[in-house]
Amino acid sequence: MINRIIVILSILFVQVVTAQQKTRADRFFEKGDYINAALYYEEELKKEQSKKALENISLAYYNTFEYRKAARYLKQLINGKFSENDKSYDNIYNFKLYQTLSALGEYDTAINYLKRFKANNNIEINTDEAIETIETFKLKNPDYIIEKSQFNSTASEFGAVKFGDSVYFTSDRETKSLFGKTYKWTHQSFLDIYAVKVNEDLGVVSEVKPMPKPINSKLHEGNFCFTKDGNTIYISKSNVLDGKKQFDDNDNNNIHLYKSIFSDGKWSELEKLPFNTDGFSYQHPALSPDGSKLYFSSNREGGFGNFDLYYVDIKPSEYSEPINLGATINTENREHFPFISDKGHLFFASNGHLGLGMLDNFVSEFIEGKFESPVNLGVPINSPYDDFNLIYHNSQEGFFASNRNRRNDDIFLFEQTGEIFIREYINNFEIRDAETKALIPNTEVELLDKNTEVLYNNTLGETASFSKNLLEGNYILRAKNEDYISNVLNVKVLEKQDQQHVLFLKKLPPPPPPPPVDPVDIIIAEKGIDKELEEKDPERFKLLTDPEGPPVVEKDGKLFFELKPIYFDFDMWNIRQDSKVILDELASKLERYPNVHLKISSHTDSRGTARYNQILSERRAESTRNYLALEGYINARRLQFEGFGELQPIVSCPLNNCTDEEHQLNRRSEFEIIEYKKEE
């Protein structure tokens with residue numbers, strides 16, 4: 001929906017039809033009736049696959065959120081599946097295919113079209129890094145909790161602003177007029193501004209009512225903002241003169257910014273702001289906390305792309321010329337819906353910065369007089385569809401809009417629960433005796449990040465403690481003392497708080513009792529082992545006949561440790577408690593065979609993208625290796641690991657129709673002995 005709303009509040013993107021005879025589909029398309037245009041282009045394409053029809057039907061489905069259909073026709077256009085000999089096409093279609101495929105969750109394919117779009121603009125991107133960044137947006141710890149507002153309808157609602165005991169918002173919900181006009185693009189009513197009274201929990205306590213004239217009119221009224229005293233409103237509105245639409249040289253009715261002042265119980269006639277210029281759109285007004293600057297989005301000349309963010313200084317009797325926020329914020333695509341928090345941070349929506357799909361919400365921290373690089377707010381604020389128009393009404397709570405229901409825009413309430421900017425927090429670490437709880441001096445410690453990079457290492461003195469400033473995330477603390485069993489602590493650094501972490505060590509146990517009678521003969525008989533193997537390959541014979549710990553078996557000439565399955569929870573790579581017991585037994589046996597080298601193979605189920613499953617399996621294999629190395633004290637050089645993703649399932653799952661138990665069978669690890677002899 002927001003792509004439609006944006007264009008409602010901007011220049012209509014109209015294809016120029018050069019043919020002498022326009023088809024019915026062309027006429028619907030030029031009027032912005034994309035629903036009917038798509039129906040007639042479908043019929044045209046059955047007769048002839050023309051470039052113009054492919055371009056227009058792609059845009060028609062794109063603008064009506066039929067992204068799967070849009071992607072199908074965009075692929076045909078980009079691959080030259082049309083009758084004309086000239087197979088060139090506008091670069092914007094690469095970007096639109098990237099967006100539609102992202103909205104469908106096909107990030108691995110989508111990113112290639114973003115790379116092509118960027119390359120045509122002489123900008124290079126690393127697709128692997130881009131995919132990893134997108135996965136980070138999806139997997140990061142959420143900083144918000146959200147819920148739908150009570151004042152949504154079956155139509156579109158967005159642009160919510162709380163003032164006093166009421167919430168004001170924009171909607172194209174049905175009017176009560178029997179013969180009210182509808183907008184051709186949406187087949188809905190024109191956009192108006194509405195108000196509803198709410199309680200402290202933002203529950204609705206009155207009817208939703210439209211704002212009076214002259215605020216609302218027969219045309220579109222879009223995003224708006226109030227001054228802090230509520231006596232002035234700035235509005236995005238169809239460009240009009242004496243109540244009639246004004247068209248530019250291309251017959252487009254642009255959006256301009258207006259203001260109205262509340263006095264003597266009524267709103268004044270709307271006054272067009274002087275910096276609006278014909279032929280361009282100005283929309284999405286937002287005031288700075290002190291009211292001295294007005295921010296907005298515009299496609300005026302001199303910008304970085306389609307729509308950029310600007311501001312003007314509000315002076316007692318005039319406005320300054322618009323000032324572009326620069327390349328840190330603006331891209332070659334769209335930046336919309338600015339909002340300035342009380343701390344001066346800039347929130348906005350963009351499809352030009354890397355995100356989850358269509359429009360995403362971003363924030364740029366205001367530091368020392370300038371806006372820093374934008375940060376994607378991640379899930380649940382963002383989704384593969386349009387997410388936009390984020391506004392705070394106090395320090396922690398606010399509204400945003402989204403069409404993630406795949407139909408119309410809805411207003412969501414949010415509460416910020418985490419820290420959205422990167423911060424370091426003080427973390428204190430201590431090493432103590434597991435029984436006496438006393439500090440253990442002369443202990444070697446090592447602190448590593450999630451990439452196993454060493455952040456701190458030292459031999460601690462009598463205090464057996466140290467402090468380190470750390471970002472939110474996961475870390476590993478290792479400790480070693482000659483009188484204790486080495487141990488590892490998985491550290492989770494939380495936001496907005498300093499923390500204390502204690503790693504306990506156990507005293508070394510007494511020597512183990514002598515081994516029981518060796519039942520080698522029984523094992524030889526059960527496995528059918530040739531006794532001559534003891535002379536030909538004594539190390540192999542010893543491994544196959546050792547009765548202690550996990551047995552070694554031979555499969556197709558290769559040796560494997562026969563363990564109970566090492567399972568993982570769905571979408572996770574941490575070692576489960578039931579698997580730790582199994583791995584501990586394996587580690588004990590590996591300690592007795594210092595020349596044995598292992599290859600750990602990890603497999604996932606088929607849910608998720610192939611690339612993500614490959615990454616997940618590698619993380620699981622690495623997690624297993626790390627557990628054996630860190631918890632089992634096995635030299636990591638003896639352990640190789642490899643992830644196979646979903647490529648080698650035990651149970652085939654076409655269309656992901658397996659049960660949870662069958663998926664769990666496919667999430668497993670295997671342990672192959674790849675070396676067991678001393679080097680000569």
Side-chain angles (χ1 to χ4, degrees), residues 129 132-133 135-137 139-143 343 345 363 365 367-368 372-373 375-378 416-508 572-575 580 618-619 622-637 639:
E129 290 180 359
E132 185 175 352
T133 300
E135 293 295 344
T136 300
F137 298 155
L139 297 174
K140 73 185 290 289
N141 293 328
D143 295 316
K343 295 181 179 179
H345 307 316
V363 62
E365 190 172 13
I367 299 178
E368 297 181 353
E372 299 295 312
S373 295
V375 175
N376 188 296
L377 294 180
Q416 181 184 330
T417 57
E419 175 59 67
I420 59 177
F421 298 114
I422 297 175
R423 297 281 187 268
E424 287 189 340
Y425 304 94
I426 300 173
N427 283 259
N428 298 307
F429 298 88
E430 294 181 344
I431 313 300
R432 292 182 177 272
D433 186 292
E435 292 186 6
T436 67
K437 306 302 185 288
L439 292 167
I440 305 174
N442 303 316
T443 301
E444 296 179 27
V445 296
E446 191 174 54
L447 182 67
L448 301 92
D449 65 14
K450 64 180 180 181
N451 298 317
T452 68
E453 293 291 331
V454 177
L455 304 179
Y456 178 89
N457 59 58
N458 196 9
T459 300
L460 302 179
E462 292 298 322
T463 60
S465 63
F466 69 97
S467 295
K468 183 73 176 174
N469 290 351
L470 298 172
L471 300 172
E472 179 271 338
N474 297 314
Y475 300 84
I476 298 171
L477 176 64
R478 297 172 176 169
K480 182 171 62 175
N481 186 288
E482 61 182 9
D483 297 324
Y484 290 81
I485 300 173
S486 299
N487 200 5
V488 173
L489 179 66
N490 292 317
V491 177
K492 185 175 183 64
V493 173
L494 303 176
E495 291 181 338
K496 295 187 176 181
Q497 58 181 287
D498 299 334
Q499 291 175 262
Q500 181 85 8
H501 310 277
V502 180
L503 175 54
F504 292 101
L505 301 183
K506 293 181 178 180
K507 282 278 191 179
L508 284 170
M572 301 296 291
W573 58 84
N574 56 295
I575 301 299
K580 290 182 179 180
E618 291 171 0
R619 290 175 176 174
E622 184 180 16
S623 177
T624 304
R625 189 279 307 268
N626 288 345
Y627 184 87
L628 289 172
L630 302 177
E631 296 285 348
Y633 323 122
I634 304 303
N635 191 328
R637 295 178 181 176
L639 306 172

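Values below: every heavy atom of this structure, side chains too, minus hydrogens, waters and symmetry copies. Position 1 is the first residue of the sequence, and the numbers go up from there.
With rounding to the nearest 0.5 Å, the separation of CD in E472 from NZ in K492 is 6.0 Å. Atoms OG and CG, from S623 and L628 in turn, are 9.5 Å apart once rounded to the nearest 0.5 Å. Atom CG of residue L471 and atom CG of residue N427 lie 10.0 Å apart, to the nearest 0.5 angstrom. T443 contributes atom OG1, which lies 4.0 Å from atom CG of N481 (distance to the nearest 0.5 angstrom). To the nearest 0.5 Å, the span separating NZ on K468 from CD1 on I426 amounts to 12.5 Å. Separating the OG atom in S373 from the CD atom in E365 is a distance of 11.0 Å, to the nearest 0.5 Å.
Nearest approach of I431 to L505, heavy atoms of both residues: CG2-CD1, 3.8 Å. The two atoms that bring L494 and Q499 nearest to each other are N-OE1, 2.7 Å, heavy atoms only. Listed here is the closest heavy atom pair of A479 and V445: CB-CG1, 4.3 Å.
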How far apart are the C-alpha atoms of I634 and Y627, what are their side-chain angles, what is the distance that settles it, and do they pass the side-chain contact (heavy atoms from CB on, under 4.5 Å) test?
CA-CA 9 Å; I634 304 303; Y627 184 87; over 6 Å; no
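Put simply, the side chain of D143 does not reach to within 4.5 Å of the side chain of L377, judged on heavy atoms. Contact annotation: the side chain of Y475 approaches that of V493 to within less than 4.5 Å [non-hydrogen atoms, C-beta and beyond]. Side-chain contact between T624 and I575: present, with at least one pair of heavy atoms (C-beta onward) separated by less than 4.5 Å. Using a 4.5 Å heavy-atom threshold, the side chains of L630 and R478 count as touching.
Surrounding NZ of K580 are more than 12 heavy atoms belonging to other residues, nucleotides or ligands, all under 6.0 Å away.
In this structure E132 satisfies the salt bridge (Lys or Arg N to Asp or Glu O under 4.0 Å) test with no other residue, sequence neighbours excluded. Among residues two or more places apart in sequence or in another chain, the ring-ring contact (aromatic ring centres under 6.0 Å, His included) test is passed with F421 by H345. With sequence neighbours left out, Y425 forms a ring-ring contact (aromatic ring centres under 6.0 Å, His included) with no residue at all. Scanning for side chain to side chain contact (heavy atoms under 4.5 Å, CB included) contacts around L439 gives E430, R432, A464, with sequence neighbours left out.
The ring-ring contact (aromatic ring centres under 6.0 Å, His included) pairs that include a residue from residues 482-506 are F429-H501, where partners are two or more places apart or lie in different chains.
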Side-chain atoms of residues 450-458: list all donor-acceptor pairs with protein atoms under 3.5 Å, sequence neighbours left out, distances to 0.1 Å.
residue: Y456; atom: OH; partner: N458; partner atom: ND2; Å: 3.2

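Results of the side chain to side chain contact (heavy atoms under 4.5 Å, CB included) test with L447 over I476, L470, L489 single out L470 as the only residue that passes.
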